[in-house]
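Below, all heavy atoms of this structure are taken into account, side chains as well, without hydrogens, waters or symmetry copies. Quick caveat, the model's predicted, so the values are computed rather than measured. Just so we're on the same page: letters track the sequence lines, and every chain starts at 1.
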Protein chains: 2
Amino acid sequence: MALDHAILVSLLEKPGSGYELARRFERSIGYFWTATHQQIYRVLKRMESDGWVDVRDVPQQGRPDKKEYSVAGPGRDALSAWLHAPIEPESVRHDLAVKIRGAAFDDPAALIGEVRRHRQAHTDRLEHYRAGEARDFPSSGADGPPDAERELQHAVLRGGIAYERMMIAWLDDVLATLARFEAGR
Amino acid sequence: MALDHAILVSLLEKPGSGYELARRFERSIGYFWTATHQQIYRVLKRMESDGWVDVRDVPQQGRPDKKEYSVAGPGRDALSAWLHAPIEPESVRHDLAVKIRGAAFDDPAALIGEVRRHRQAHTDRLEHYRAGEARDFPSSGADGPPDAERELQHAVLRGGIAYERMMIAWLDDVLATLARFEAGR
DNA sequence: TCTTGCTATGCAACGAGTTGCATAGCAAGC
DNA sequence: GCTTGCTATGCAACTCGTTGCATAGCAAGA
């Protein structure tokens with residue numbers, strides 16, 4: 001049930017509407033957590049009725065009004081409790097790995113295109129992350145007091161970058177393995 | 001709905017009962033896909049009624065009888081169709097990343113223990129993978145004709161190893177970032 | 001005016017995944 | 001005889017996540 005907590009963190013970083021949260025989940029938060037607008041609206045409604053968040057109607061010009069959510073006391077407490085409780089290392093689910101093992105019983109060569117597509121997607125994401133890093137974290141050295149929020153956001157982004165690099169290298173490894181079959185025939 | 005396909009792949013590698021599949025999902029398959037015995041039994045029942053798998057009652061000595069499942073023609077066709085269809089790069093969900101960003105609004109220092117725990121879990125997994133690699137893939141050089149099933153299993157395992165190594169390095173990075181806050185106070 | 005497109009919120013239905021519980025065979029040890 | 005523990009299968013209830021659809025405000029351009 002960490003979607004609740006992901007939303008609370010995002011609202012602490014900056015209050016916003018369900019729609020805006022959905023945008024963020026396509027961008028920065030989405031690097032490590034995905035959610036559709038449906039999920040977000042549902043959770044926001046539940047958290048509102050539980051008193052975890054406050055709502056404020058915000059009239060806008062040139063576009064429909066929105067409801068801006070911000071974290072209330074009980075929501076902060078709930079988040080704090082979760083932050084202090086241990087969680088289990090996440091379970092991984094890689095469709096592509098299933099495909100790779102399955103390809104042995106079908107047509108390994110047919111996998112090459114698919115792996116290349118995934119490699120491209122990860123390359124794109126890596127570039128996207130690196131552009132974001134250059135934009136949002138330009139100074140790598142010591143300049144002023146350490147800002148926890150900023151430093152930790154950067155650390156998470158570095159994790160995303162490391163993940164994409166690892167994936168690209170691994171997919172190259174897979175492609176090399178597949179090429180060996182081609183050569184061996 | 002890739003659990004279906006993960007089960008089909010596992011049954012192609014070796015027929016077995018729901019219980020045995022659940023064991024495998026705690027081991028090799030579980031490196032990249034998790035499932036409880038409940039899910040597995042439910043899916044097996046559905047696939048049986050759809051004619052994707054065949055069942056065989058196997059009496060055993062010293063333990064309860066089991067139902068051994070193996071892949072039937074339609075199941076193989078369904079798997080093949082899935083293997084040839086493109087899939088989207090998987091969406092990631094990292095609870096720990098949510099915690100790290102959330103810690104900025106709570107107590108960053110309280111995160112250290114949790115990050116260390118996760119680091120340990122990944123170290124353990126890495127060792128487990130490497131032991132499995134040494135056991136199941138002892139020969140790295142060319143010895144005989146390339147065996148697709150074996151080579152692709154090895155490639156997936158190398159992916160798991162690369163993932164754990166990346167995670168350990170990243171968690172060290174996070175710990176170093178947290179240590180800077182401590183030093184900065 | 002009409003369509004397209006983005007912002008903004010939401011319902012309903014379904015499918016996937018989790019948790020708690022229940023049953024049963026058999027072995028081993030107290 | 002009783003408990004503990006592993007093998008083996010399964011139901012029921014619930015929560016989480018996905019998909020399709022619906023509504024509505026407003027801007028811009030054909």
(request) For B/A104 and A/L152, work out which heavy atoms get closest and say how close. (result) N-CD1, 3.7 Å
(request) List in numerical order all residues of residues 39-52 of chain B for which some heavy atom is under 4.0 Å away from an atom belonging to DNA chain C. (result) B/Q39, B/R42
(request) Just compare D/dA24, D/dT18, C/dT18 and give me whichever is closest to any side-chain atom of A/P64. (result) D/dA24
(message) Without decimals, in angstroms, what is the distance between B/E88 CD and D/dT18 C1'?
(response) 15 Å
(request) Using the six-membered ring wherever Trp is involved, compare the ring planes of A/W82 and A/H5 and label them parallel, tilted or perpendicular (cut-offs 30° and 60°). (result) parallel
(request) Provide, to the nearest angstrom, the distance between the CZ atom belonging to A/R56 and the P atom belonging to C/dA8. (result) 14 Å
(request) Go through C/dT18, D/dT9, C/dG17 for me and flag the one nearest to the B/K66 side chain. (result) D/dT9
(message) With a 4.0 Å limit, can you tell me whether A/S17 has a side-chain N or O closer than that to the phosphate oxygens OP1/OP2 of C/dT9?
(response) yes
(request) Only one of B/E127, B/R165, B/E164 passes side-chain hydrogen bond (donor to acceptor under 3.5 Å, both in side chains) with B/H122; say which it is. (result) B/E164
(request) Give the rounded distance in Å between these two atoms: CD of B/E68 and P of D/dT7. (result) 17 Å
(request) Could you tell me the separation between the NE2 atom of A/H37 and the P atom of D/dT23, rounded to a whole number of Å? (result) 15 Å
(message) For a quick check, tell me whether the side chain of A/Q38 and the base of D/dG20 share a donor-acceptor pair closer than 3.5 Å.
(response) yes
(request) Can you tell me the distance, in whole Å, between the CZ atom of A/R63 and the P atom of D/dA28? (result) 12 Å
(request) Nearest-nucleotide wise, let me know which of B/R93 and B/G18 is further upstream toward the 5' end of DNA chain D. (result) B/G18
(request) Give a yes/no verdict on a cation-pi contact between B/R27 and B/F25, requiring under 6.0 Å between NZ or CZ and the six-membered ring centre and an angle within 45° of the axis. (result) no
(message) Can you tell me how far apart CE (B/M166) and CD1 (A/I161) are? Round to the nearest 0.5 Å.
(response) 12.0 Å
(request) For D/dT7, give its Watson-Crick or G-U wobble partner with both distances under 3.5 Å, or none. (result) C/dA24
(request) May I ask you to decide whether A/K45 forms a salt bridge with A/E48, counting only side-chain N to carboxylate O separations under 4.0 Å? (result) no
(message) Using heavy-atom distances to pick each residue's nearest nucleotide on DNA chain C, tell me which of B/W33 and B/Q61 is more 5'.
(response) B/W33
(request) Let me know the distance between CD of B/Q60 and P of D/dC6, rounded to the nearest Å. (result) 17 Å
(request) Can you tell me the distance, in whole Å, between the CG atom of B/L21 and the C1' atom of D/dG10? (result) 16 Å
(message) Given 3.5 Å as the limit, does a donor-acceptor pair link the side chain of A/R119 with the main chain of A/D172, or not?
(response) no
(message) I need the CG-C1' distance between B/L3 and C/dG15, as an integer number of Å.
(response) 12 Å
(request) Return no unless some side-chain N or O of B/Y19 is found under 4.0 Å from OP1 or OP2 of D/dT7. (result) yes
(message) By nearest heavy atom, map B/K67 and B/R23 onto DNA chain D; which one lands nearer the 5' end?
(response) B/R23
